[in-house]
Novice: 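Please read through the structure below; I'll follow up with questions.
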Amino acid sequence: MQQPCTQARHFTFYLLDGFTLHGFSAAIEALRLANDVAGRPVYGWHLVAADGAPAVSSCGTGIPVAAPLSAERNRFGRDADPGFIVICGGRKKPSADRALEAWLRSGARSNARLAGLGGGVYCLARAGLLDERRCAVHWEHFPDFSERFFIADPRQTAFEIDGGIYTCAGGNAPFDMFLHIIEEDLGRDVATRICEAALCERLRETGERQRLPLQARLGIDNPLLIRVIEKMEANLAEPLKLADMSPSTGLSRRQIERLFRREMGRTPARYYLDLRLERAHLLLITSSLQVIEIAVACGFSTASHFSRTYRERYGLTPQRSRLNEMERLRAGNDRKVVMAELRVA
């Protein structure tokens with residue numbers, strides 16, 4: 001029989017620059033509701049940021065924190081209970097931070113449980129804590145993360161738990177992951193009552209998909225067509241020929257072509273090319289990989305072929321697309337600085 005948690009478990013939330021309020025608040029609210037349902041302070045938490053200044057979220061809202069990382073590292077060394085460290089990120093890919101990564105490794109050696117929300121998974125990976133471990137990576141980050149961290153085992157799932165390391169893709173997934181933690185501590189009944197209070201219809205389990213099923217995402221219900229598209233999505237770096245997909249689906253090449261024209265309004269070759277170009281676009285705006293590396297990762301034999309095809313699809317070159325994203329991010333950072341200065345004033 002599961003034994004209830006008898007003393008407060010403490011969480012340290014480290015807020016990265018540009019963290020999303022959605023994922024952060026989902027995690028905090030799960031803990032708060034657990035305390036409410038249990039009728040006692042089962043969980044406690046405090047917030048930390050790099051320099052101790054208010055952490056600025058992706059929407060520009062500043063959140064006051066209790067301490068800078070330097071003070072937290074000193075406290076952590078004196079604290080007998082290592083607790084739970086949660087790195088809160090967002091859509092933005094965080095920069096490397098040696099002090100943060102050293103703190104995470106120290107936490108792992110002290111048997112602290114570690115979690116990464118959204119972009120926070122990059123920090124765990126850079127610290128070497130995801131080597132040969134399953135980890136949930138947001139589908140927008142997935143192409144870049146997979147290219148960077150070969151030893152990790154990234155999954156496009158809502159959340160994963162592997163050897164004391166908790167990762168989730170962001171969005172609503174932190175609520176599901178923290179419900180799983182609460183269920184381990186307090187039992188299924190408490191987790192169910194939290195769902196009822198939060199108007200959440202069910203508890204997602206580890207390993208569940210993060211994106212809508214293809215049927216809902218594409219508005220199709222033909223199982224044979226879905227099987228072909230799944231094969232395409234799983235083989236973007238080395239595109240399959242249509243003839244190679246026919247035996248497993250039981251369809252001839254002509255039948256597959258007719259299905260695509262009728263259901264998707266384009267040929268299989270055009271659809272497959274669009275999938276590869278969408279992956280390339282994600283890599284361009286979320287990674288620092290060279291254009292030729294992106295071309296190869298998306299099944300193009302030469303950079304010139306990739307650039308020409310990309311321009312036909314998006315109306316600009318890969319280099320210009322990357323520059324536009326950098327300018328957009330720079331403008332967003334400038335706005336955050338202005339808003340922070342206004343709050344201080």
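If you read the sequence from its start, that first residue is 1, and numbering goes on from there. Keep in mind it's a predicted model, so treat the numbers as computed, not measured. Scope of the values below: all heavy atoms of this structure, side chains included, with no hydrogens, waters or symmetry mates.
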Novice: Please check: side-chain N/O of S25 versus main-chain N/O of L21, any donor-acceptor pairing under 3.5 Å?
Specialist: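 Yes, S25 side chain to L21 backbone: donor-acceptor pair under 3.5 Å.
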Novice: I'd like to know if the side chain of Q156 pairs up with that of H138 as donor and acceptor (distance under 3.5 Å, no hydrogens or angles considered).
Specialist: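 Side chains of Q156 and H138: no pair found under 3.5 Å.
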Novice: Check this for me: does any side-chain nitrogen of one of E184 and R113 sit under 4.0 Å from a carboxylate oxygen of the other?
Specialist: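 A salt bridge is present here (some side-chain N lies under 4.0 Å from a carboxylate O).
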Novice: Does a donor on one side chain and an acceptor on the other come within less than 3.5 Å for N324 and R328?
Specialist: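 There is no such pair (donor and acceptor under 3.5 Å, judged by atom type) between the side chains of N324 and R328.
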Novice: Answer yes or no: is there an ion pair linking D153 with R133, defined by an N-O contact shorter than 4.0 Å?
Specialist: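 Result for this pair is no, no salt bridge flagged.
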Novice: With a 4.5 Å cut-off on side-chain heavy atoms, are I63 and F19 touching?
Specialist: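 A side-chain contact under 4.5 Å exists here.
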Novice: Please verify the inter-ring angle class for F149 with Y122; under 30° counts as parallel, over 60° as perpendicular, anything in between as tilted.
Specialist: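 Judged by the thresholds at 30° and 60°, the geometry between F149 and Y122 is perpendicular.
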Novice: Does any part of the side chain of T309, heavy atoms only, come nearer than 4.5 Å to the side chain of Y314, both counted from C-beta?
Specialist: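 Not touching, per the 4.5 Å side-chain cut-off.
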Novice: Please determine whether a side-chain nitrogen of the Lys or Arg among E196 and R193 lies less than 4.0 Å from a carboxylate oxygen of the Asp or Glu.
Specialist: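 No, no charged N to carboxylate O under 4.0 Å.
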Novice: State whether a side-chain donor-acceptor pair under 3.5 Å links Y310 with S321.
Specialist: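 Looking only at side-chain atoms, S321 and Y310 do form a donor-acceptor pair, the distance falling under 3.5 Å.
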Novice: Does a side-chain N-to-carboxylate-O contact under 4.0 Å join R227 and E230?
Specialist: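 Salt bridge between R227 and E230, a charged N being under 4.0 Å from a carboxylate O: no.
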Novice: Go through the steps for I28 and F13 under the test side chain to side chain contact (heavy atoms under 4.5 Å, CB included), then give the verdict.
Specialist: CA-CA 9 Å; I28 289 282; F13 286 88; 3.6 Å; yes
Novice: Strictly below 4.0 Å, N to O, side chains only: are R266 and E257 in salt-bridge contact?
Specialist: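 Salt bridge between R266 and E257, a charged N being under 4.0 Å from a carboxylate O: no.
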Novice: What residue among R279, H281, R148 forms side chain to side chain contact (heavy atoms under 4.5 Å, CB included) with P143?
Specialist: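 Going through the options one by one, the only one that passes is R279.
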Novice: R32 vs E29, test: salt bridge (Lys or Arg N to Asp or Glu O under 4.0 Å). Steps then yes/no.
Specialist: CA-CA 5 Å; R32 182 192 67 80; E29 279 299 290; 2.8 Å; yes
Novice: Applying side chain to side chain contact (heavy atoms under 4.5 Å, CB included) between L16 and each of S57, C88, C123, report the one that passes.
Specialist: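 Checked S57, C88, C123 against L16; only one passes side chain to side chain contact (heavy atoms under 4.5 Å, CB included): C123.
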Novice: Walk me through whether R155 and V137 qualify under side chain to side chain contact (heavy atoms under 4.5 Å, CB included).
Specialist: CA-CA 6 Å; R155 309 286 181 91; V137 180; over 6 Å; no
Novice: Please walk me through it: do V190 and E183 pass side chain to side chain contact (heavy atoms under 4.5 Å, CB included)?
Specialist: CA-CA 7 Å; V190 171; E183 182 180 355; over 6 Å; no
Novice: Are L240 and L224 joined in one hydrophobic group, where the rule is that I, L, V, M, F, W and Y side chains link up if heavy atoms are under 4.5 Å apart?
Specialist: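 The answer is yes; both residues are in one hydrophobic cluster.
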